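Quick caveat, the model's predicted, so the values are computed rather than measured. Order of the sequence lines sets the chain letters (A, B, ...), proteins ahead of strands, with each chain counted from 1.
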Protein chains: 2
Amino acid sequence: MRFLLAFRVLIDELHAELARRGHADMRPMHGIVLQAITRGGSTAADLGRLLAVSKQAAGKTIDGLERLGYVHRVPDPHDTRRKIVRLTERGADSLEQSARIFDELRARWARELGEDRLRALEDDLRRMTPPDLFRLDVPGWFGGMG
Amino acid sequence: MRFLLAFRVLIDELHAELARRGHADMRPMHGIVLQAITRGGSTAADLGRLLAVSKQAAGKTIDGLERLGYVHRVPDPHDTRRKIVRLTERGADSLEQSARIFDELRARWARELGEDRLRALEDDLRRMTPPDLFRLDVPGWFGGMG
DNA sequence: CTATTACGACAACCATGTTGTCTATCGTAG
DNA sequence: CTACGATAGACAACATGGTTGTCGTAATAG
């Protein structure tokens, strides 16, 4: 299964470059979570639903991201139970850098394979995969329990 | 990145079918480990080297596989320190079934995309990824520590 | 024979996921 | 307005999988 390897190679290159640009403590997971937060995962419970994990797991992940300074929690004025998760400046910067690096990596693939082949590859993958993109349970899915 | 999603879709379909054929307790990791064992991962230390994890981690994984009845350990007559890991009949069967299901899944992709496109996709991926295929540290790599 | 290397086991620890329980708060049905 | 069900988040206990470190024992190199 080359797909995992391809993913891994890309993500490794992304994070190597990200480290050079000041985000050495980012992990592959973090990027996914940060993106999910910008797409509506405003609280731990929301994030859990979005990423198909329990709210507890989402909460722990947010803890980690908060420790690293990529997000912070602010109380929701309309609902004292909720704590809204927001990207810090550092968190937003990491997403910007990631997007930029992704573009560069794609350009490299285009140079290597040709724009036509790459576009065909992307089309084929889109065709064979479901549209719902976010899933965080990779560690548990890959290894975990039944 | 669609690659992870494509991998995930395929692996999920593989394991759904595998479950129907009597291997419901297999996890994605297990298949990789079993394959690695047939490719020379005869002991915990070997396996660790092959999969780029510590021998302790490999040992724990073998423990799990042994509990599930996919492998068993036999003492090495030439080296009393070593314990050779062997696939049980059940373990070998799971690999056979997996190979068969993979062929079926590839055939489905070929019907969907056309044999030419699929072959092009495979060529392109091979071109863009390193040849070394085995890597077990996915959970730790994806989420784990820095 | 001795010194180094290597194997496997054990322990402590971190990261991630799970379920279950608890309190506080929201929202709505009555 | 009150009471009850649903929800947010915190905490605890546990399983998996990864790490490093230590240790006893066995193979091997000098």
Inset, instruction - Check DNA chain C against residues 64-81 of chain B and give the residues with a non-hydrogen atom under 4.0 Å, in numerical order. - result: B:Arg81
Legend entry - Helical bend (five base pairs per end, nearest 10°) for the helix from C:dC1-D:dG30 to C:dG30-D:dC1: 10°
Legend entry - Under 3.5 Å donor-acceptor pair, B:Gln56 side-chain atoms to D:dG17 base atoms: no
Legend entry - Rounded interatomic separation in angstrom, taking CZ from B:Arg27 and C1' from C:dT18: 13 Å
Inset, instruction - Spell out yes or no: do the side chain of B:Lys83 and the base of C:dG8 have one donor N/O and one acceptor N/O closer than 3.5 Å? - result: no
Inset, instruction - Please collect all ring-ring contact (aromatic ring centres under 6.0 Å, His included) contacts where either partner lies in residues 82-130 of chain A, sequence neighbours excluded, each pair once. - result: A:Trp109-B:Phe3
Inset, instruction - In whole angstrom, give the distance that lies between atom CZ of B:Arg49 and atom P of C:dA6. - result: 8 Å
Legend entry - Set of side chain to side chain donor-acceptor pair (under 3.5 Å) partners for B:Asp25, sequence neighbours left out: B:Tyr70, B:Arg90
Inset, instruction - Nearest whole angstrom, please: distance from the P of C:dA15 to the CG of A:Asp25. - result: 13 Å
Legend entry - By side chain to side chain donor-acceptor pair (under 3.5 Å) - contacts of A:Ser98 (at least two apart): none
Legend entry - Whole-Å gap separating P (D:dT7) and CG (A:Leu47): 18 Å
Legend entry - Residues in side chain to side chain contact (heavy atoms under 4.5 Å, CB included) contact with A:Ala16, at least two apart in sequence or another chain: A:Arg20
Legend entry - Distance-minimising heavy-atom pair for B:Ala36 and B:Leu50: O-CD2, 3.4 Å
Inset, instruction - Name all residues meeting the side chain to side chain contact (heavy atoms under 4.5 Å, CB included) criterion together with A:Arg111; count only those two or more places apart in sequence or in a different chain, and write none if there are none. - result: A:Ala107, A:Arg108
Inset, instruction - Would you mind reading off the distance between B:Ile62 atom CD1 and D:dT16 atom P, rounded to a whole angstrom? - result: 16 Å
Legend entry - Listed partners of A:Arg73 passing side chain to side chain donor-acceptor pair (under 3.5 Å), at least two apart: A:Asp63, A:Glu66
Legend entry - Residue pair A:Met26 / A:His15: nearest heavy atoms and the distance that separates them: O-ND1, 3.5 Å
Inset, instruction - In whole angstrom, give the distance that lies between atom NZ of B:Lys60 and atom C1' of C:dA15. - result: 12 Å
Inset, instruction - May I ask you to verify if any side-chain N or O of A:Thr43 is less than 4.0 angstrom from the OP1 or OP2 atom of D:dG9? - result: yes
Legend entry - Whichever of B:Asp63 and A:Lys55 has its nearest DNA chain C nucleotide further upstream toward 5': B:Asp63
Inset, instruction - Pick base, sugar-phosphate or nothing for A:Ala57, based on heavy-atom distances below 4.0 Å to the nucleic acid. - result: base
Legend entry - side chain to side chain donor-acceptor pair (under 3.5 Å) involving A:Arg49 - partner list, sequence neighbours excluded: A:Asp46
